[in-house]
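What follows is a set of notes on a single structure, which appears directly below.
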Amino acid sequence: MRYKMTLYKHEMKVNAKSLIIWTLSVGFICFGCILLYGGLEESVQDIAASFSDMGAMSAALGMDKMSLATLRGYFATEIAMMHGLGGAMFAAILGSGLLSKEESGHTVDFLNVFPIKRYSIVFWKYLSLVSNILLLNLVCSVLYILGFVIMGEEVIVEELLLYGFATSLMQIEIGSVCFLFSAIVKKVTISVGLGITILLFAADIMCRIVPALKKLKYITPFYYSNAADLFTDGKLNGVMAAIGMGVIFVSYIAALSVYKRKDL
């Protein structure tokens, strides 16, 4: 057990710098945008009606449901998009290298000297992935609540908690898929992870604009973590969330199966 916890602590320590950089980057950029709303409020109110009448593009950005004239709507349509994409990129980068870095860095032989089963290696590394994602979203959520308080606006606690849960699930799903790729390949595949993230983000935009591509919503986790939908409906889409959880479970089991049989 001591060796297993050491592996988890090591991964958390190794990725601490990356976690801090991404958390501060995503969190403070979005926090700054919340504070920036005070200076933009008058001009935003003037153009809110125009933005809400942009047809398919308004639907893609959630502006057909939420108004930019309020901080709540501004957060749901603009800030949440930056947070979701930034957090997903962090999850993809982290997940893409957790297992493959041992082979590309020639440390896999050293790791397997210790009395640790391969399934334990996969579990503790995966747990570090989930922990990093949750920590990023926790710190960012605190910053956003602080931003609402500073702006003198009503703190939408329930909606922020719902969004925090949904976006964490989305990022864990993307991180899990990249974790599976990390188990398959022998070199760190950060570019593949980022490519998957961008494609899934684009799929969410496209399925909202093009009716013929509507079924893409079942593939992209950005769909069920859309803040405008969550704020409007007041609940998470159960079917979409279940699909996301299924992808997480299958990705983890597949990564475990591949890594246990892999010639290291």
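Side chains are part of it too, since the values below use all heavy atoms of this structure and drop only hydrogens, waters and symmetry mates.
With values rounded to the nearest 0.5 angstrom, S251 atom OG is found 7.5 Å from E173 atom CD. Taken from CG in L98 to CH2 in W124, the straight-line distance is 14.5 Å, to the nearest 0.5 Å. To the nearest 0.5 Å, atom CD of residue E153 and atom CD1 of residue I145 are 14.5 Å apart. To the nearest 0.5 Å, atoms CD1 (I79) and CD1 (I34) are separated by 4.5 Å. Taken from CZ in F201 to CD1 in I205, the straight-line distance is 4.5 Å, to the nearest 0.5 Å. Here the CG-CG distance, from N137 to N132, works out to 11.0 Å after rounding to the nearest 0.5 Å.
With salt bridges taken as basic N to acidic carboxylate O contacts below 4.0 Å, none links K217 and D229. By the 4.0 Å N-to-carboxylate-O rule, R72 lies close enough to E159 to be salt-bridged with it.
Under the 3.5 Å distance criterion, the side-chain polar atoms of S257 are left unmatched by any main-chain donor or acceptor of I253. In this structure a side-chain-to-backbone donor-acceptor pair under 3.5 Å is present from N237 to M240. Distance alone, capped at 3.5 Å, is enough to place a donor-acceptor pair between the N226 side chain and the A228 backbone. Checked by atom type and distance alone, the side chain of S96 never pairs as donor or acceptor with a backbone atom of I190 at under 3.5 Å. Counting only distance, with no hydrogens or angles, the side chain of S25 and the backbone of I21 share a donor-acceptor pair below 3.5 Å. For the pair S225 (side chain) and P221 (backbone), a donor-acceptor distance under 3.5 Å is present.
Between W22 and F90, the angle of the ring planes lies from 30° to 60°, which puts this pair in the tilted group.
Within the 4.5 Å cutoff, side-chain heavy atoms of R208 are placed close to those of Y223. Between F179 and L94 the shortest side-chain heavy-atom distance does not fall below 4.5 Å. Here the side chains of Y252 and F123 are in contact, with some heavy-atom distance below 4.5 Å. Considering only heavy atoms from C-beta on, E154 stays 4.5 Å or farther from F148 through its side chain. Using a 4.5 Å heavy-atom cutoff, the side chains of L216 and D204 are not in contact.
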Exercise. Evaluate the side-chain contact (heavy atoms from CB on, under 4.5 Å) criterion for residues I219 and I243: first the C-alpha distance (whole Å), next the side-chain angles of each, then the deciding distance (0.1 Å), finally the verdict.
Key: CA-CA 8 Å; I219 298 175; I243 292 175; over 6 Å; no
Quiz prompt | Verdict with supporting geometry, L200 and I174, side-chain contact (heavy atoms from CB on, under 4.5 Å) | solution = CA-CA 9 Å; L200 291 174; I174 292 176; 4.0 Å; yes
Practice problem: Test side-chain contact (heavy atoms from CB on, under 4.5 Å) on F31 and V142 and set out the steps. | Solution: CA-CA 10 Å; F31 176 72; V142 172; over 6 Å; no
Quiz prompt | side-chain contact (heavy atoms from CB on, under 4.5 Å) between M12 and L135, intermediate numbers included | solution = CA-CA 11 Å; M12 294 300 293; L135 283 171; 3.9 Å; yes
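Across every non-hydrogen atom of M151 and Y37, the tightest pair is CE-C, 4.2 Å. Considering all non-hydrogen atoms of both residues, G95 and L129 come closest at N-CD1, 3.9 Å. When all heavy atoms of A76 and F231 are compared, the closest pair comes out as CB-CD2, 3.7 Å. Taking each heavy atom of V26 and G87 in turn, the nearest pair found is CG2-N, 4.4 Å. When all heavy atoms of C207 and L213 are compared, the closest pair comes out as CB-O, 3.2 Å. Summarising the geometry of L180 relative to A255, their closest heavy-atom pair is CD1-N, 3.4 Å, with the distance given to 0.1 Å.
Note: the hydrophobic cluster containing Y218 does not contain L199 (ILVMFWY, side chain heavy atoms under 4.5 Å, direct or indirect links). Put simply, V122 and V14 are part of two different groups of oily side chains (I, L, V, M, F, W, Y) that touch within less than 4.5 Å, one to the next. Residues F249 and I172 share a single hydrophobic cluster, defined by chaining ILVMFWY side chains whose heavy atoms lie under 4.5 Å apart. Both L134 and M245 belong to a single network of hydrophobic side chains, linked directly or stepwise wherever heavy atoms of I, L, V, M, F, W or Y lie under 4.5 Å apart.
Residues Y163 and S141 have side chains that never bring a donor and an acceptor to within less than 3.5 angstrom of each other.
Shown here are the ring pair (Phe, Tyr, Trp, His ring centres under 6.0 Å) partners of Y144, two or more places apart in sequence or in another chain: F75, H83. Under the side-chain contact (heavy atoms from CB on, under 4.5 Å) criterion, L138 pairs with no residue at all, not counting sequence neighbours.
Heavy-atom neighbours of F181 CZ from other residues, nucleotides or ligands within 6.0 Å: at or below the threshold of 12. No more than 12 heavy atoms of other residues, nucleotides or ligands sit less than 6.0 Å from atom CZ of F165.
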